[in-house]
**Student:** 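Take a look at this one; I'll ask things after.
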Amino acid sequence: KRVTWLDSYAFKDSPNLKEIIFQGNKPELGDQVFSGISSEAIIRIQETSRGFDSFLDGIPVGYMDSVVNFLIQDEVRYLLHDGAASVVAYTSNRRVDITIPEEIEGLPVTSIGNECFADSNFSSISLPATITSIGRGAFRNANLRSIALPDGLLTLGESAFQGTQIGSISIPDSVSSIGSQCFMECTNLETVKLPVNDEFKVIEPNTFRNSSISEIIIPDSVEAIERL
(Lines give C-alpha, C1' and ligand atoms only; values in the text may rest on other atoms or scores of the structure.)
Protein backbone atom coordinates (compact mmCIF):
# COMPACT_ATOMS: atom_id res chain seq x y z
CA LYS A 1 0.00 0.00 0.00
CA ARG A 2 1.44 3.37 -1.01
CA VAL A 3 1.85 6.32 1.35
CA THR A 4 -0.88 8.95 0.92
CA TRP A 5 -0.37 10.98 4.14
CA LEU A 6 2.64 12.08 6.20
CA ASP A 7 1.74 13.30 9.67
CA SER A 8 3.00 16.56 11.16
CA TYR A 9 6.63 16.54 12.34
CA ALA A 10 7.14 12.98 10.99
CA PHE A 11 10.83 13.57 10.21
CA LYS A 12 11.39 16.76 12.21
CA ASP A 13 14.93 17.29 13.53
CA SER A 14 16.52 14.40 11.63
CA PRO A 15 19.75 16.14 10.55
CA ASN A 16 21.26 13.01 8.97
CA LEU A 17 18.32 12.46 6.61
CA LYS A 18 19.55 13.32 3.09
CA GLU A 19 17.38 11.26 0.74
CA ILE A 20 13.65 10.47 0.72
CA ILE A 21 12.29 8.17 -2.01
CA PHE A 22 8.62 8.09 -2.96
CA GLN A 23 7.53 5.20 -5.18
CA GLY A 24 3.97 6.47 -5.62
CA ASN A 25 2.23 9.77 -6.20
CA LYS A 26 2.58 12.90 -4.08
CA PRO A 27 1.23 12.37 -0.53
CA GLU A 28 -0.62 14.92 1.55
CA LEU A 29 1.55 16.53 4.25
CA GLY A 30 0.96 17.71 7.79
CA ASP A 31 2.89 20.61 9.32
CA GLN A 32 6.71 20.79 9.24
CA VAL A 33 7.12 17.19 8.12
CA PHE A 34 10.76 17.70 7.09
CA SER A 35 11.73 20.56 9.40
CA GLY A 36 15.30 20.27 10.63
CA ILE A 37 16.51 17.58 8.22
CA SER A 38 19.83 17.87 6.37
CA SER A 39 20.36 20.96 4.19
CA GLU A 40 21.58 18.52 1.53
CA ALA A 41 18.32 16.55 1.46
CA ILE A 42 16.59 15.65 -1.80
CA ILE A 43 13.33 13.86 -2.53
CA ARG A 44 13.54 11.29 -5.32
CA ILE A 45 10.53 10.07 -7.27
CA GLN A 46 9.72 7.56 -10.02
CA GLU A 47 9.11 8.55 -13.63
CA THR A 48 5.51 7.39 -13.10
CA SER A 49 4.93 9.50 -9.97
CA ARG A 50 2.31 12.22 -10.27
CA GLY A 51 1.46 15.43 -8.44
CA PHE A 52 4.98 16.55 -7.51
CA ASP A 53 6.39 19.99 -8.26
CA SER A 54 10.05 20.99 -8.16
CA PHE A 55 9.86 21.17 -4.34
CA LEU A 56 7.90 19.36 -1.65
CA ASP A 57 7.72 21.13 1.70
CA GLY A 58 10.77 23.11 0.59
CA ILE A 59 12.84 20.03 -0.30
CA PRO A 60 14.07 19.73 -3.92
CA VAL A 61 12.41 16.95 -5.92
CA GLY A 62 14.23 14.97 -8.61
CA TYR A 63 13.90 11.68 -10.45
CA MET A 64 15.80 8.58 -9.35
CA ASP A 65 18.57 9.14 -11.87
CA SER A 66 18.93 12.89 -11.27
CA VAL A 67 22.50 14.04 -10.75
CA VAL A 68 22.86 16.17 -7.61
CA ASN A 69 25.86 18.36 -6.84
CA PHE A 70 26.69 20.84 -4.10
CA LEU A 71 28.82 23.94 -4.42
CA ILE A 72 29.90 26.65 -1.96
CA GLN A 73 30.44 30.17 -3.22
CA ASP A 74 31.01 33.16 -0.94
CA GLU A 75 30.04 31.01 2.05
CA VAL A 76 26.64 30.16 0.55
CA ARG A 77 25.92 26.49 -0.22
CA TYR A 78 23.99 25.69 -3.40
CA LEU A 79 22.33 22.49 -4.55
CA LEU A 80 22.50 21.90 -8.30
CA HIS A 81 20.03 19.48 -9.88
CA ASP A 82 17.65 19.11 -12.82
CA GLY A 83 18.74 22.29 -14.56
CA ALA A 84 18.45 24.66 -11.60
CA ALA A 85 20.25 25.73 -8.43
CA SER A 86 18.83 26.20 -4.93
CA VAL A 87 20.30 28.02 -1.94
CA VAL A 88 20.36 25.44 0.86
CA ALA A 89 22.67 26.77 3.57
CA TYR A 90 24.79 29.67 4.78
CA THR A 91 28.11 28.58 6.20
CA SER A 92 29.09 31.80 7.98
CA ASN A 93 27.84 33.96 10.82
CA ARG A 94 29.58 37.14 9.70
CA ARG A 95 27.81 40.51 9.56
CA VAL A 96 28.23 41.02 5.83
CA ASP A 97 25.64 41.86 3.21
CA ILE A 98 24.91 39.01 0.81
CA THR A 99 24.25 38.95 -2.92
CA ILE A 100 22.76 35.83 -4.46
CA PRO A 101 23.72 35.54 -8.16
CA GLU A 102 21.27 34.78 -10.96
CA GLU A 103 23.32 31.75 -12.03
CA ILE A 104 25.64 29.17 -10.52
CA GLU A 105 27.66 27.01 -12.91
CA GLY A 106 25.36 28.20 -15.70
CA LEU A 107 22.17 27.16 -13.85
CA PRO A 108 19.51 29.66 -12.73
CA VAL A 109 19.17 30.10 -8.96
CA THR A 110 15.44 29.59 -8.42
CA SER A 111 14.83 29.05 -4.70
CA ILE A 112 15.85 29.86 -1.14
CA GLY A 113 15.64 26.66 0.89
CA ASN A 114 14.09 25.95 4.27
CA GLU A 115 15.85 27.58 7.24
CA CYS A 116 19.00 28.25 5.21
CA PHE A 117 19.56 31.77 6.61
CA ALA A 118 17.84 31.28 9.99
CA ASP A 119 19.60 33.02 12.91
CA SER A 120 22.13 34.69 10.59
CA ASN A 121 23.76 38.02 11.44
CA PHE A 122 23.73 39.82 8.08
CA SER A 123 21.35 42.79 7.76
CA SER A 124 20.75 42.90 4.01
CA ILE A 125 20.49 40.44 1.12
CA SER A 126 20.04 40.96 -2.61
CA LEU A 127 17.99 38.33 -4.47
CA PRO A 128 18.03 37.80 -8.24
CA ALA A 129 14.98 37.95 -10.51
CA THR A 130 15.24 34.17 -11.02
CA ILE A 131 14.01 33.36 -7.48
CA THR A 132 10.49 31.87 -7.47
CA SER A 133 10.21 30.48 -3.94
CA ILE A 134 11.41 31.25 -0.43
CA GLY A 135 11.17 28.28 1.90
CA ARG A 136 9.90 27.72 5.41
CA GLY A 137 11.84 29.63 8.06
CA ALA A 138 14.37 30.77 5.46
CA PHE A 139 15.27 33.97 7.37
CA ARG A 140 13.67 33.19 10.74
CA ASN A 141 15.25 35.18 13.59
CA ALA A 142 17.95 36.55 11.31
CA ASN A 143 19.22 40.10 11.82
CA LEU A 144 17.77 40.97 8.40
CA ARG A 145 16.69 44.61 8.17
CA SER A 146 15.94 45.07 4.48
CA ILE A 147 15.11 42.92 1.49
CA ALA A 148 13.64 43.52 -1.97
CA LEU A 149 11.55 40.58 -3.14
CA PRO A 150 11.93 39.96 -6.88
CA ASP A 151 9.13 40.15 -9.40
CA GLY A 152 8.35 36.59 -10.43
CA LEU A 153 8.42 35.27 -6.85
CA LEU A 154 5.53 32.82 -6.40
CA THR A 155 5.55 31.55 -2.81
CA LEU A 156 6.66 32.62 0.66
CA GLY A 157 6.98 29.75 3.11
CA GLU A 158 5.72 29.44 6.65
CA SER A 159 7.71 31.60 9.11
CA ALA A 160 9.97 32.75 6.28
CA PHE A 161 10.70 36.14 7.89
CA GLN A 162 9.52 35.48 11.44
CA GLY A 163 11.44 37.48 14.03
CA THR A 164 13.50 39.52 11.56
CA GLN A 165 14.16 43.24 11.88
CA ILE A 166 12.61 44.37 8.59
CA GLY A 167 10.68 47.66 8.74
CA SER A 168 8.77 47.37 5.47
CA ILE A 169 8.01 44.77 2.83
CA SER A 170 6.58 44.96 -0.67
CA ILE A 171 5.29 41.58 -1.80
CA PRO A 172 5.24 41.29 -5.60
CA ASP A 173 1.94 40.79 -7.40
CA SER A 174 3.24 37.46 -8.68
CA VAL A 175 3.01 35.90 -5.18
CA SER A 176 0.00 33.63 -4.75
CA SER A 177 0.80 32.05 -1.38
CA ILE A 178 2.12 33.44 1.92
CA GLY A 179 2.67 30.85 4.64
CA SER A 180 1.38 31.16 8.18
CA GLN A 181 3.52 33.13 10.65
CA CYS A 182 5.50 34.49 7.71
CA PHE A 183 6.04 37.91 9.34
CA MET A 184 5.13 37.03 12.92
CA GLU A 185 7.17 38.82 15.62
CA CYS A 186 8.60 41.31 13.13
CA THR A 187 8.31 44.04 15.74
CA ASN A 188 9.80 46.72 13.48
CA LEU A 189 7.49 45.96 10.56
CA GLU A 190 5.29 49.01 9.92
CA THR A 191 4.52 48.97 6.18
CA VAL A 192 3.27 46.05 4.08
CA LYS A 193 2.15 45.89 0.47
CA LEU A 194 0.20 42.68 -0.26
CA PRO A 195 0.10 41.07 -3.73
CA VAL A 196 -2.73 41.89 -6.09
CA ASN A 197 -3.71 38.90 -8.21
CA ASP A 198 -6.62 36.49 -8.53
CA GLU A 199 -4.71 33.58 -6.94
CA PHE A 200 -3.99 35.26 -3.60
CA LYS A 201 -7.11 34.27 -1.65
CA VAL A 202 -6.16 33.55 1.99
CA ILE A 203 -4.18 35.38 4.66
CA GLU A 204 -2.96 32.52 6.82
CA PRO A 205 -2.97 32.37 10.65
CA ASN A 206 -0.58 34.65 12.55
CA THR A 207 0.93 36.06 9.36
CA PHE A 208 1.52 39.48 10.96
CA ARG A 209 1.14 38.67 14.66
CA ASN A 210 3.16 40.92 16.99
CA SER A 211 4.20 43.30 14.23
CA SER A 212 3.95 47.11 14.24
CA ILE A 213 1.75 47.50 11.16
CA SER A 214 -0.44 50.60 11.42
CA GLU A 215 -2.34 50.19 8.13
CA ILE A 216 -2.80 47.45 5.54
CA ILE A 217 -4.80 47.25 2.32
CA ILE A 218 -6.51 43.90 1.75
CA PRO A 219 -6.79 43.02 -1.97
CA ASP A 220 -10.20 42.19 -3.45
CA SER A 221 -9.03 38.66 -4.21
CA VAL A 222 -8.77 37.72 -0.51
CA GLU A 223 -11.66 35.49 0.57
CA ALA A 224 -10.53 34.53 4.07
CA ILE A 225 -8.44 36.12 6.79
CA GLU A 226 -7.30 33.81 9.56
CA ARG A 227 -5.94 34.99 12.90
CA LEU A 228 -3.53 37.83 12.12
Side-chain angles (χ1 to χ4, degrees), residues 11-21 32-45 52-150 152-164 166 179 182:
F11 297 100
K12 182 177 173 61
D13 297 330
S14 301
N16 294 324
L17 182 59
K18 294 185 177 182
E19 187 173 68
I20 305 101
I21 299 174
Q32 300 186 39
V33 172
F34 299 111
S35 177
I37 70 172
S38 171
S39 63
E40 298 183 0
I42 185 170
I43 291 171
R44 294 193 181 275
I45 61 175
F52 288 91
D53 296 317
S54 298
F55 291 83
L56 179 65
D57 196 33
I59 309 300
V61 175
Y63 290 114
M64 297 297 293
D65 59 353
S66 295
V67 176
V68 177
N69 292 304
F70 291 91
L71 179 149
I72 295 178
Q73 179 174 296
D74 297 330
E75 300 177 305
V76 177
R77 181 187 292 270
Y78 298 87
L79 179 151
L80 284 59
H81 79 111
D82 293 336
S86 306
V87 180
V88 294
Y90 183 50
T91 62
S92 173
N93 207 29
R94 295 192 300 158
R95 295 178 180 271
V96 294
D97 293 343
I98 295 176
T99 298
I100 302 299
E102 287 194 357
E103 292 185 351
I104 289 288
E105 298 287 296
L107 301 178
V109 180
T110 60
S111 64
I112 306 296
N114 293 346
E115 302 166 359
C116 63
F117 292 114
D119 301 308
S120 296
N121 279 327
F122 62 82
S123 60
S124 177
I125 186 170
S126 176
L127 301 180
T130 51
I131 295 292
T132 59
S133 68
I134 295 177
R136 181 188 62 249
F139 297 95
R140 185 174 53 223
N141 295 330
N143 193 45
L144 184 67
R145 297 178 182 275
S146 66
I147 186 170
L149 300 179
L153 182 68
L154 300 177
T155 60
L156 289 173
E158 173 186 337
S159 301
F161 295 97
Q162 180 180 345
T164 61
I166 56 174
C182 190

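This chain uses plain numbering: 1 for the first residue, then up along the sequence.
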**Student:** Within the side chain of Arg44, is there an N or O that forms a donor-acceptor pair under 3.5 Å with the backbone of Tyr63?
**Tutor:** yes

**Student:** Can you find a pair of side-chain heavy atoms, one from Phe122 and one from Arg94, that are under 4.5 Å apart?
**Tutor:**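 They are not in contact (no side-chain heavy atoms under 4.5 Å apart), so the answer is no.
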
**Student:** Go through the side-chain N and O atoms of Ser66 and Asp82 and say whether any donor and acceptor fall under 3.5 Å apart.
**Tutor:**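 Present: a donor and an acceptor within the cut-off.
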
**Student:** Please examine the side chains of Val109 and Glu103, heavy atoms only from C-beta on, and report whether any two atoms are closer than 4.5 Å.
**Tutor:**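 Side chain of Glu103 against side chain of Val109, heavy atoms only: no contact under 4.5 Å found.
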
**Student:** Below 30° counts as parallel, above 60° as perpendicular, anything between as tilted: where do the rings of Phe34 and Phe11 land?
**Tutor:** parallel

**Student:** Determine whether Leu80 and Val68 satisfy the following criterion, side-chain contact (heavy atoms from CB on, under 4.5 Å), listing intermediate values before the conclusion.
**Tutor:** CA-CA 6 Å; Leu80 284 59; Val68 177; over 6 Å; no

**Student:** Taking all non-hydrogen atoms of both residues, which atom of Gln32 and which atom of Asp57 are closest, and how far apart?
**Tutor:** C-OD2, 4.2 Å

**Student:** Working to the nearest 0.5 angstrom, can you tell me the gap between Ile147 CD1 and Ile125 CD1?
**Tutor:**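 That separation rounds to 6.0 Å.
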
**Student:** Is it true that a side-chain atom of Ser123 and a backbone atom of Leu144 form a donor plus acceptor pair closer than 3.5 Å?
**Tutor:**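 No, Ser123 side chain to Leu144 backbone: no donor-acceptor pair under 3.5 Å.
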
**Student:** When rounded to the nearest 0.5 angstrom, what distance separates CD1 in Ile104 from CG in Asn69?
**Tutor:** 12.5 Å

**Student:** Is the backbone of Ser124 close enough, under 3.5 Å, to the side chain of Ser146 for a donor and an acceptor to pair up by distance?
**Tutor:**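 A pair under 3.5 Å: no.
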
**Student:** Is there a donor in the side chain of Ser126 and an acceptor in the side chain of Thr99, or the other way round, less than 3.5 Å apart?
**Tutor:**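 On atom types as modelled, these side chains do not qualify, holding no pair under 3.5 Å.
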
**Student:** Between Thr110 and Ile131, is a side-chain contact (heavy atoms from CB on, under 4.5 Å) present by the stated rule, with each step listed?
**Tutor:** CA-CA 4 Å; Thr110 60; Ile131 295 292; 5.8 Å; no

**Student:** For Val87 and Tyr78, which heavy atoms make the closest approach, and how far apart are they?
**Tutor:**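 Residues Val87 and Tyr78, closest heavy atoms: CG2-CE2, 3.6 Å.
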
**Student:** Using a strict 4.0 Å threshold on nitrogen-to-oxygen distance, state whether Lys18 and Glu40 make a salt bridge.
**Tutor:** yes

**Student:** State, to 0.1 Å, how close Pro60 and Ala41 come at their nearest heavy-atom pair, and which atoms those are.
**Tutor:** CD-O, 3.7 Å

**Student:** In the structure I gave you, are the side-chain heavy atoms of Thr132 and Thr155 within less than 4.5 Å of one another anywhere?
**Tutor:**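 Thr132 does not reach Thr155 side chain to side chain.
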
**Student:** Can you find a pair of side-chain heavy atoms, one from Ser35 and one from Glu115, that are under 4.5 Å apart?
**Tutor:** yes

**Student:** Do Thr164 side-chain atoms and Ala142 backbone N/O form a donor-acceptor pair below 3.5 Å?
**Tutor:**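 It does not hold such a pair.
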
**Student:** With respect to Ile37, which candidate in Asp13, Ile20, Asn16, Asn114 satisfies the side-chain contact (heavy atoms from CB on, under 4.5 Å) definition?
**Tutor:** Ile20

**Student:** Once rounded to the nearest 0.5 Å, what's the spacing between atom CZ of Arg140 and atom OG of Ser159?
**Tutor:** 5.5 Å

**Student:** Would you name the heavy atoms of Ala129 and Pro150 that are closest together and state the gap between them?
**Tutor:** CA-CB, 3.9 Å

**Student:** Going from CZ on Phe117 to CG on Asn143, what distance comes out if it is rounded to the nearest 0.5 angstrom?
**Tutor:**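 Output value for this atom pair is 14.0 Å.
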
**Student:** What orientation do Phe161 and Phe139 show, parallel under 30°, tilted 30 to 60°, or perpendicular over 60°?
**Tutor:** parallel

**Student:** What is the minimum heavy-atom distance between Leu71 and Glu105, and which atoms define it?
**Tutor:** CD1-CG, 3.5 Å

**Student:** What are the two closest non-hydrogen atoms of Ala138 and Gly113, and how far apart are they?
**Tutor:** CB-O, 3.7 Å

**Student:** Return the OG to CD1 distance between Ser111 and Ile134, rounded to the nearest 0.5 Å.
**Tutor:**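 Ser111 atom OG to Ile134 atom CD1 measures 10.0 Å (nearest 0.5 Å).
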
**Student:** Between atom CG of Leu156 and atom SG of Cys182, what is the distance when rounded to the nearest 0.5 Å?
**Tutor:** 4.5 Å

**Student:** So, do Ser120 and Tyr90 sit near enough that their side-chain heavy atoms are less than 4.5 Å apart?
**Tutor:** yes

**Student:** Taking the side chain as every heavy atom from C-beta outward, state whether Gln73 and Pro101 have any pair of such atoms under 4.5 Å apart.
**Tutor:**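 In short, these two side chains touch, coming nearer than 4.5 Å.
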
